[in-house]
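In what follows, chains are A, B, ... by sequence order, proteins preceding strands, each numbered from 1.
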Amino acid sequence: MPHDMFTLIETAIKETSGAADALLVPGGEHADLASTVAFSLAKQKRQAPVKIAQDLVADLQKRPDLAGIAIEAKGPYINFIFGNAYVSEVLKAAVRPGYGNLEKKTTRVVLEHTSANPNGPLHVGHIRNSIIGDTLARAFRKAGYPLEVQYYVNDMGRQIAIVVWGFDNLDSTQQPGEKEDAHIARIYIAANREIEKDEGITQQVNVLMQLVENGDPAVVRKFRKEVSRCLDGFKVTLKDLNVVHDRFVWESDFIRNGNTERIINKLKRMPQAHEDETLYLDLSEFGFENKYVIRRSDGTSVYAARDLAFHAWKGANFDRVIDVLGADHKLIGAQLQSTMKLLGEKVPEIVHFEFVSLPEGSMSTRAGKFVSADDLITEIRKRAFDEVTTRRPELDVESRKAIAASVGLAAIRYDIVKVSPEKSTVFDWKEALDFERQSGPYIQYAHARACSIMEKAGAFTECYDLESEQEIALAKEIAKFPQVIERVVVELRPHILATYARELADTFNTFYHFEPVLKSEGKIRDRRLTLVKAVQNTLKESLETLGIDAIRSM
RNA sequence: GGGCCUGUGGCUUAGCCUGGACAUAGCGCCGGGCUUCUAACCCGGAUGCCGGGGGUUCAAAUCCCCCCAGGCCCGCCA
C-alpha cells in the first residue's frame, strides 16, 4: 500500500511536470512525501522554483487519482500528505497476525553465519556475526523467502590440529563444571604456549593435518570428537541467544566426497592456474596482487580449496548464496567471488561486519584474550534479575527469572544489531549491561504497555477512523513496517529494523502519554484501542524478527 | 608501501549508496512530570565549522579529489 502511494505520486508528477525524475524525498515533519522537482525544472522553464511548485500543485490537485492526498506547495517544495483512507487501510492490515509478511517468493536462499572455528567458546566478536546473521534470516523468512541457515564447521584447520595435539600431549582433563568449548579453549591456549617454546611441535601438527586429509581413521575420529564437543558448547550459547541454524555442514565432508579434488582439477586447467610446488591462481586481472594458493606443497588442500567446493555445492542447491563474514575475510571473500566467477559458478553475496575489539586491543582465542558470550549472558541475566526484582517484587522467583532471561537477551541482541555493520566497535561491559538506555528492553517495555492496555480493555469494536495528530502519526509509523522488512533484505542491513523498532516505540510512548485510551469513551476509545492493538502487533512482529521475545509483561 | 572500512555535540549513534526544507536518537548535564492505561517512561533546555582542505551543484553530512587519524587485510592460517 505505501509503496503504491510512492509509485502513484511519482507517476503523477512525471506526467504533470514532464520531468524525467519525480525527485521524491521523505517529507520529514512537513509531509509524508515531498518532491524537489521544482528546483530541477527552474533552469529549463526559466521560472523561479517557487512559482513552478505553485503551478504544479494546482495541476496535481485536479487529478482524480490523487484525490485522497493533500497536496500543497511550501516554497519550492511540493508536499504530499496521505489522507484518512490510507490510514484506515494501514490499520486494518496492522491488526492482523503476521503483519509485515511479504509476498511468498520462490527464490531459495542459503544463509551462512557464525561458522566460528571450534577451538574455543564463542566470544563477543563471534556473536556479532550470529546476531546479524540470525536477524537477516528472520527478515528473509518474513519477506517470504524459503531459507536454509547453515553453520560451516571448520573441522580440518591447523587450529583443530593444535587442539588435537594438545589433547594427545598435555594434561587435558576436563575440570568439574567446565563447559566443553571452554575446556577446548584451555587446551588450545596451552598447546599454543608449547608451540612457542618448541618449534618441533609444528611438525607434529603438520603430520596430523596430513593424516586427517588422507582420512586416517584414528586421527579423523579424534578431530571429529573434539570438534563435536566444541560444537555442543556453541549450541548452548546459540540457543541462549535465540540463534537458529538449520544445518551444520562439515568442511571435511568436501574432502571425503571428492568435491574438493574435483574443483582443484577444474582449477588446474584454468589459464590463471600456476603449478610449482604449490597450486595457485593468479587473480591479478581482478586486482589481487597475492597468489591465491589452492594446494600446499605437501599435497594437502588449504581452506580456500574446500571453501570453493562448499560454495559450489551451495550454488548448485540454492538460488542465492549469502555469507555473513567478519571484515578480516574481505580479501579472501573477494578472491572467492572472483574465482567462482571464473569457474562459471554462482557468486556468493557477502555481508561483512567490522571488528569488535576490547579496550585493551584485539580479541584472540589463541592468547586467551576474549570476553566469552557465555560470560556476557550470565552477567546480563544477573543484572536483569536484580532489575526485575526491584520493579516487580510481587512476582515469584521463576517469573522474575523468565523475564530476566528475555530482557537480557533483548539487551544483548539489540545492543549488537543496532549498530551499522561497517562500524567497528569496542566492547564495553558497562554499556553492554545497561538496558535502561536506548535498548531492546525499552522496546519490549513499550510492547508490554500495549499488552497491558489490551488486557484491561476487554471486548471492543475495531474502528479504523483516526482523528488526532498523535493517532495519525502513530498509524503512519506503523505503516512503514513492511517497507522496513523489504529494505533489510534488499540492503542486507538488519540494523535498519533495529532503528525502526525503536522509533515505533518512541512514537507509541509519546501517544501513550498524551492520549488516554482506557479512559476515553465510545468511538474514541474504540479507535484508540484498535490503534494500540496495531502497535502491539507491529512491535511484536518487529521484536520477533529481531530475535527478541515479545513478552507481555515486565 | 598497497587495498578495504570508519571519523557526526563530552561519550555512543541514525542519516551517506539514491544530494534538497531548522542533522536522528540515546547517555551525561540543567529544569519539569507518578492519588491518572506499567516512570525500563514522558515533556522542555543547553551543547554540532557533520575529521581538515579543495572541487562539482541553484543546493553537499551525503558526490569527486587531496590530506590527517583509527580499525581490518595483504600466509603453503582459517
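When both pairing distances are held under 3.5 Å, B:rA61 makes no Watson-Crick or G-U pair with any nucleotide shown. In a base pair of the Watson-Crick type (N1 to N3 plus N6-O4 or O6-N4) or a G-U wobble (N1-O2 and O6-N3), with each distance short of 3.5 Å, B:rG1 is matched with B:rC74. Taking a pair to require two hydrogen-bonding distances under 3.5 Å in either a Watson-Crick or a G-U wobble arrangement, B:rC16 remains unpaired.
Between A:Lys423 and A:Leu23, it is A:Lys423 whose nearest contact on RNA chain B lies nearer the 5' terminus.
The C1' atoms of B:rC29 and B:rA61 are separated by 26 Å, rounded to the nearest whole Å. A distance of about 15 Å separates the C1' atoms of B:rC66 and B:rU56, rounded to the whole Å. Using atom P as the reference point in both B:rC27 and B:rC22, the two lie 27 Å apart (nearest Å). Remark: the separation of the P atoms in B:rA25 and B:rG9 is 16 Å, to the nearest Å. Comparing B:rG44 with B:rU6, their C1' atoms are spaced 35 Å from each other, to the whole Å. Atom name C1', nucleotides B:rC50 and B:rU62: the rounded distance is 10 Å, in whole Å. Comparing B:rG70 with B:rC34, their C1' atoms are spaced 46 Å from each other, to the whole Å.
A:Met554 comes within 4.0 angstrom of a base, heavy atoms only. Within the 4.0 angstrom heavy-atom criterion, base atoms lie near A:Val388. Nucleic acid contact for A:Gly157: sugar-phosphate only, since backbone atoms but no base atoms lie under 4.0 Å from a heavy atom of the residue. Counting any heavy atom pair closer than 4.0 Å across all strands shown, A:Ala334 reaches no nucleic acid atom. Within 4.0 Å (heavy atoms only), A:Arg306 reaches sugar-phosphate atoms of the nucleic acid but no base atom. Counting non-hydrogen atoms under 4.0 angstrom, A:Ile160 reaches nothing in the nucleic acid. Residue contacts shown for A:Glu515 include a base, since a base heavy atom lies under 4.0 Å away. Base engagement by A:Ala448 is indicated by at least one non-hydrogen atom pair under 4.0 Å involving a base atom. A:Gly27 comes within contact range of at least one nucleobase, with a heavy-atom separation under 4.0 Å. The residue A:Val532 sits apart from the nucleic acid: no heavy atom pair falls under 4.0 Å. Base engagement by A:Ser553 is indicated by at least one non-hydrogen atom pair under 4.0 Å involving a base atom. If you check every strand for non-hydrogen atoms under 4.0 Å, A:Lys456 touches sugar and phosphate atoms only. Among the protein residues, A:Lys43 comes within range of the sugar-phosphate backbone only, with heavy atoms under 4.0 Å from sugar or phosphate atoms but none that close to a base. Residue contacts shown for A:His329 include a base, since a base heavy atom lies under 4.0 Å away.
If you take CG of A:Leu492 and P of B:rC17, they are 18 Å apart, rounded to a whole angstrom. In this entry the distance linking CD of A:Glu213 with P of B:rC77 reads 12 Å, nearest Å. One can place CZ of A:Arg158 at 5 Å from P of B:rC77, the figure rounded to the nearest angstrom. The distance between atom CD1 of A:Ile350 and atom P of B:rC5, rounded to the nearest whole Å, is 14 Å. The distance from atom CZ of A:Arg46 to atom P of B:rC58 is 14 Å, rounded to the nearest whole Å. Atom CD1 of A:Ile52 is separated from atom C1' of B:rC58 by 11 Å (rounded to the nearest Å).
Set against B:rU24, B:rC22, B:rG26, the side chain of A:Glu503 has B:rU24 as its closest nucleotide. Of the candidates B:rG15, B:rC4, B:rC42, B:rC42 carries the atom nearest the A:His513 side chain, counting heavy atoms from C-beta on. Across B:rC37, B:rG7, B:rC73, the shortest atom-to-atom separation from the side chain of A:Leu331 is found for B:rC73. Here B:rC37 is the nucleotide among B:rG7, B:rC58, B:rC37 with the atom lying nearest to any side-chain atom of A:Val517. The side chain of A:Val293 approaches B:rC76 more closely than any other nucleotide in the set B:rU13, B:rC72, B:rC76. Distance from the side chain of A:Arg296 is smallest to B:rC76 among B:rC76, B:rU24, B:rC72. Taking only side-chain atoms of A:Tyr442, from C-beta outward, the nucleotide of B:rC74, B:rC41, B:rA14 with the closest atom is B:rC41. Closest contact between the side chain of A:Met209 and the listed nucleotides B:rC5, B:rA78, B:rG71 involves B:rA78. Of the candidates B:rC41, B:rU6, B:rC76, B:rC76 carries the atom nearest the A:Thr278 side chain, counting heavy atoms from C-beta on. Between B:rC41, B:rA21, B:rC72, one nucleotide has an atom nearer to the side chain of A:His30 than all others, and that is B:rA21.
In this model, a side-chain donor or acceptor of A:Glu277 finds a partner on the base of B:rC76 within 3.5 Å. A donor N or O paired with an acceptor N or O is found under 3.5 Å between the base of B:rC22 and the side-chain atoms of A:Glu29. One can find a donor-acceptor pair under 3.5 Å joining the base of B:rA21 and the side-chain atoms of A:Asn79. The base of B:rC76 sits with one of its N or O atoms less than 3.5 Å from a complementary donor or acceptor on the side chain of A:Ser297.
At the phosphate of B:rA39, OP1 or OP2 sits under 4.0 Å from a side-chain N or O atom of A:Tyr512. A close approach under 4.0 Å does occur between a side-chain nitrogen or oxygen of A:Ser420 and OP1 or OP2 of B:rG15. Here A:Lys430 does not reach the OP1 or OP2 of B:rU12: none of its side-chain N or O atoms lies under 4.0 Å away. Between B:rG71 and A:Ser362, no contact under 4.0 Å exists linking OP1 or OP2 to a side-chain N or O. The phosphate of B:rU13 (OP1 or OP2) has no side-chain N or O of A:Arg502 nearer than 4.0 angstrom. The side chain of A:Thr499 places no N or O atom within less than 4.0 Å of a non-bridging phosphate oxygen (OP1 or OP2) of B:rG15.
Taking the six-membered ring where the residue is Trp, A:Tyr500 and A:Phe481 present parallel rings, their angle staying beneath 30° rather than reaching 60°.
When the side chain to side chain contact (heavy atoms under 4.5 Å, CB included) test is applied to A:Asp386, no partner is found at least two apart in sequence or on another chain.
A donor-acceptor contact shorter than 3.5 Å is absent between the side chain of A:Arg383 and the backbone of A:Asp434. Looking only at distances, a side-chain donor or acceptor of A:Asp21 sits under 3.5 Å from a matching main-chain atom of A:Leu23. A side-chain donor-acceptor contact under 3.5 Å links A:Ser17 to the backbone of A:Ala19. Under the 3.5 Å distance criterion, the side-chain polar atoms of A:Glu515 are left unmatched by any main-chain donor or acceptor of A:Tyr512. Under a 3.5 Å cut-off, the side chain of A:Ser252 and the backbone N or O of A:Met156 do not form any donor-acceptor pair. A:Arg128 contributes no side-chain N or O that, together with a main-chain N or O of A:Ile416, makes up a donor-acceptor pair within less than 3.5 Å.
For the pair A:Ser364 and A:Phe370, the tightest heavy-atom approach, listed with the atom from each and the gap, is O-CD2, 3.7 Å.
A side-chain N or O of A:Gln335 and one of A:Asn290 form a donor-acceptor pair less than 3.5 Å apart.
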